[in-house]
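Worksheet: the structure to be examined is printed underneath.
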Amino acid sequence: MVSAALDEDLGPAPGRDVTTQATVPAAATGTALLMARAEGVLAGLVVVPQVLAQVAQRLSLPCPVLRVHVPDGTRVHAGDVLAELTGPVQVLLVAERTLLNLASRASGVATHTRRWSDALDGTGAQVLDTRKTTPGLRALEKYAVRCGGGTNKRMGLFDVAMVKDNHVVAAGSVAAAVAAVRAGFPGVPIQVEADTLEQALEAVGVGADFLLLDNMPTPVLREVVAAVRAGEATTGRIELEATGNLTLERAREVALTGVDHLSVGGLTHSSPILDLALDLTPH
């Protein structure tokens, strides 16, 4: 991920920064402070050492020393010093935009997620992310969700089966789709999308492990939860996840229906960045 971001900024490896390499001697050293310019939740500092190391390697210069003042997952305020970077100034300036892009993006996701996590506090429900991530940044964005107090759902199409309406059409029925997954990929958890109480009970009846309760009004959600829970003495525990038309204002109301999770694509597809800056200190 870092290598691709640097290629994008510098051109193919090793690349070049025509401004920095023309104006800053290779031997010059200095210190830069990573600062928060707004209030939020920090995430993404975990990638900074990798950015610095790759830039240093491309420039054939020593890698700067990173001193982290504030760990990922911490609430920060405008003016807080998050980290101190000391080393070759060329490396610091070439790395600046890439490390800020990644950390600002991750911190924005963590900040947004924390609002949902706070809204659900005490309900027993957790906020989940989805696969609606920025291409190439999924690992970072899902890490950021965890930093913000959320939980990762599935990492991709490989680790959890999600039977949605198109799969049901292709397979012929919910039962056929679930049976096909069980036969083809035994041991993989199976989640089935349901829009109605009848669909939810059908999915449970054919052995779904999880239900994705899509776009259900609160009274319907409450009814589905009660019906599924009533049968768990026979079926075993069924994980219930609400999704669709979820807002922060409605989050707690939905959680109190008894669902286990609220999945929110907006955590990763609609979070604004957290404004961060890297300021070189004067000599």
Side-chain angles (χ1 to χ4, degrees), residues 1-112 133-144 147-148 268 271-283:
M1 177 184 70
V2 169
S3 179
L6 289 174
D7 283 348
E8 191 172 59
D9 215 20
L10 304 175
R16 63 185 187 180
D17 174 347
V18 295
T19 310
T20 295
Q21 289 174 282
T23 60
V24 179
T29 59
T31 296
L33 301 180
L34 182 61
M35 309 281 295
R37 286 181 170 170
E39 184 174 346
V41 176
L42 182 65
L45 287 193
V46 67
V47 305
V48 173
Q50 184 63 219
V51 176
L52 294 175
Q54 289 197 30
V55 170
Q57 182 178 30
R58 289 178 185 231
L59 297 181
S60 298
L61 290 170
C63 184
V65 173
L66 172 67
R67 297 179 179 85
V68 174
H69 294 187
V70 179
D72 283 346
T74 304
R75 292 184 189 267
V76 297
H77 304 274
D80 286 353
V81 178
L82 311 177
E84 182 179 333
L85 295 68
T86 302
V89 175
Q90 279 196 6
V91 176
L92 297 177
L93 298 187
V94 171
E96 175 183 3
R97 180 43 52 197
T98 295
L99 72 84
L100 286 176
N101 282 347
L102 295 173
S104 294
R105 174 68 185 147
S107 296
V109 171
T111 300
H112 189 182
T133 53
T134 307
L137 297 184
R138 180 168 295 174
L140 177 65
E141 290 179 346
K142 283 182 171 283
Y143 166 76
C147 289
T268 51
S271 294
I273 68 162
L274 181 66
D275 192 7
L276 306 177
L278 188 69
D279 296 330
L280 198 64
T281 60
H283 292 296

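Scope of the values below: all heavy atoms of this structure, side chains included, with no hydrogens, waters or symmetry mates.
Annotation: E8, atom CD; neighbour count of heavy atoms from other residues, nucleotides and ligands within 6.0 Å does not exceed 12.
In this structure, the side chains of E84 and L34 stay at 4.5 Å or more apart for every pair of heavy atoms. Between M35 and D279, some side-chain heavy-atom pair lies under the 4.5 Å cut-off. Proximity of L45 to P71: side-chain heavy atoms (C-beta onward) are nowhere separated by under 4.5 Å. Side-chain contact between D72 and Y143 is present, with at least one heavy-atom pair separated by less than 4.5 Å. Looking at V41 and V76, their side chains never come closer than 4.5 Å, going by heavy atoms from C-beta outward. L278 is not listed as a side-chain neighbour of L33, based on a closest heavy-atom distance of 4.5 Å or more. Here the side chains of L85 and R67 are not in contact, with every heavy-atom distance at 4.5 Å or above. For the pair S271 and T111, the minimum side-chain heavy-atom distance is 4.5 Å or more.
Distance CE/M1 to OG1/T98: 10.5 Å, rounded to 0.5 Å. If you take CG on L137 and CG on L102, they are separated by 6.5 Å, rounding to the nearest 0.5 Å. Interatomic distance, CD of E39 versus CG of D80, reported as 9.5 Å (0.5 Å rounding).
Within the structure, salt bridge (charged side-chain N to carboxylate O under 4.0 Å, His left out) contacts touching residues 94-108 (residues at least two apart or in different chains) are R105-E141.
When all heavy atoms of V89 and G30 are compared, the closest pair comes out as CG2-N, 3.5 Å. Scanning both residues, P64 and P88, for their nearest heavy atoms gives CG-CD, 4.2 Å.
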The test is side-chain contact (heavy atoms from CB on, under 4.5 Å); show your working for L93 and V24 and say whether it passes. CA-CA 9 Å; L93 298 187; V24 179; 4.1 Å; yes
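When only modelled atom types and interatomic distance are considered, T31 and T86 share a side-chain donor-acceptor pair under 3.5 Å.
In this structure, the salt bridge (charged side-chain N to carboxylate O under 4.0 Å, His left out) partners of R58, at least two apart in sequence or on a different chain, are D7.
Although no hydrogens or angles enter the test, the distance criterion places no donor-acceptor pair under 3.5 Å between the side chain of D9 and the main chain of L6. A donor-acceptor pair under 3.5 Å is absent between the side-chain atoms of S104 and the main chain of N101, judged by distance alone.
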